[in-house]
2 protein chains.
Amino acid sequence: MKVALATPPDTATLLDLDKQLCFPLYAASRLLTRIYQPLLERYGLTYPQYIVLMILWEKTPCSVTEIGERALLNSNTLTPLLKRLEQQGVITRTRDSGDERVVMIALTEHGRALKSKCACIPTEMQQRLGFDPDKAIALKQLLDEFLRHLRAHASDHLA
Amino acid sequence: MKVALATPPDTATLLDLDKQLCFPLYAASRLLTRIYQPLLERYGLTYPQYIVLMILWEKTPCSVTEIGERALLNSNTLTPLLKRLEQQGVITRTRDSGDERVVMIALTEHGRALKSKCACIPTEMQQRLGFDPDKAIALKQLLDEFLRHLRAHASDHLA
DNA sequence: AGCGATTATATCGCACAAGATATAATCGCT
DNA sequence: AGCGATTATATCTTGTGCGATATAATCGCT
């Protein structure tokens, strides 16, 4: 016979929005992106485009696949995004002469110049956020660990 | 004259993808949503739709604005999402008789029934994730705090 | 060399997101 | 009562995201 039905983990309760891990992740991601937006639109960039540029600022040129692995985005998202960056004159897209399947993405002069213009963004974001730096670091560490876990786990699920 | 230019926080370095807080947030949010997907598509739901349903399972009916405040989504996102849920017979949309500007969203019988069908999802996600529960709790707490901070802060920036 | 399997991008369709703007109903003040 | 301001949704446009599929180039094996 069922006895201690009184106390928690009853399944209905677990469906409360406030109990979810995913929701604050999802909401915080969108809100933080919104705070980036006014800083980025000065240069005509969206947040995902900024991610791609950060990858290219570290190493250029990069193949589409390399960018996808780093940003965790597939070609169906990257192709149009990269075409927009190309139209803005920020990057070039060139087929690799050695392997014609590969499209190499390289920064233009303008794209390189954007790096120094964007250099103030991380600091400015930190100021605008005004979130306790210690907590931000703790959060980032946990998130990085969680992301590593998810990446390792994702391959399980694709199998 | 500039002297100690050698050591860190030089601005260029801060643009490294690995230094960013937003990127793991953004990436983890998308990866986690992907893990939800196979569980949700059994019931023809997307993750944002599931969020809205969790809100309605706690309290029905709700106005569009109430849902928007809870889910942090605006009408331009909610209106089409809610219309799709209506077409699926999960919710109804009715103008409030007292105030015709307000559209009240209520669960249908089917929508209510989905709650018990979805009851297993939180537990199943936890199992599938296999992420250290203590770390998950710590992460959620930090995220909740960060989200509260962002919400409070967002209003500053909208001003 | 020949050809099926693999790989790298691209395309298509659908569903968010969010700013800007439109529309209609209600409120508040005189 | 009248009317400008506010409020609640809806619509339009642009830009992601992502599953499914298409296409073209390369690889691997015989």
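Keep in mind that what you see is a predicted model, and the values were worked out from it rather than measured. Order of the sequence lines fixes the chain letters, A, B, ..., with proteins taken first and strands second; residue numbering starts at 1 for each chain.
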B:E109: salt bridge (Lys or Arg N to Asp or Glu O under 4.0 Å) partners, not counting sequence neighbours: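 Scan of B:E109 (salt bridge (Lys or Arg N to Asp or Glu O under 4.0 Å), adjacent residues dropped) gives B:R112.
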Please collect all ring-ring contact (aromatic ring centres under 6.0 Å, His included) contacts where either partner lies in [range], sequence neighbours excluded, each pair once.
range	value
residues 82-136 of chain B	A:F146-B:F131, A:H149-B:F131
residues 59-82 of chain B	none
residues 53-106 of chain A	none

Ring geometry between A:Y47 and B:Y26 (parallel below 30°, tilted from 30 to 60°, perpendicular above 60°):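 Perpendicular: the ring planes of B:Y26 and A:Y47 meet at over 60°.
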Touch class at under 4.0 angstrom, heavy-atom based, for A:G98 against every strand present: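 Since only primed, P, OP1 and OP2 atoms lie under 4.0 Å of A:G98, the category is sugar-phosphate.
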DNA chain D base-pair string [pairs: Watson-Crick or G-U under 3.5 Å; |: paired with another strand]: ||||||||||||||||||||||||||||||
Minimum heavy-atom distance B:R30-A:L72, with the two atoms named: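 For B:R30 and A:L72, the tightest heavy-atom pair comes out as NH1-O, 2.9 Å.
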Nucleic acid footprint by protein, nucleotides 5-18 of chain D - heavy-atom cut-off 4.0 Å, B for base, S for sugar-phosphate alone: --BSBBBB--SBBB
Roughly, in whole Å, what's the span from [atom1] in [X] to [atom2] in [N]?
X	N	atom1	atom2	answer
A:F23	C:dC16	CZ	P	15 Å
B:E41	C:dC14	CD	C1'	13 Å
B:E100	C:dC27	CD	P	12 Å

Main-chain N/O of A:L78 paired to A:S75 side chain as donor or acceptor, under 3.5 Å: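 No.
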Worked check of side chain to side chain contact (heavy atoms under 4.5 Å, CB included) between A:L150 and B:L129: CA-CA 8 Å; A:L150 284 172; B:L129 266 180; 3.5 Å; yes
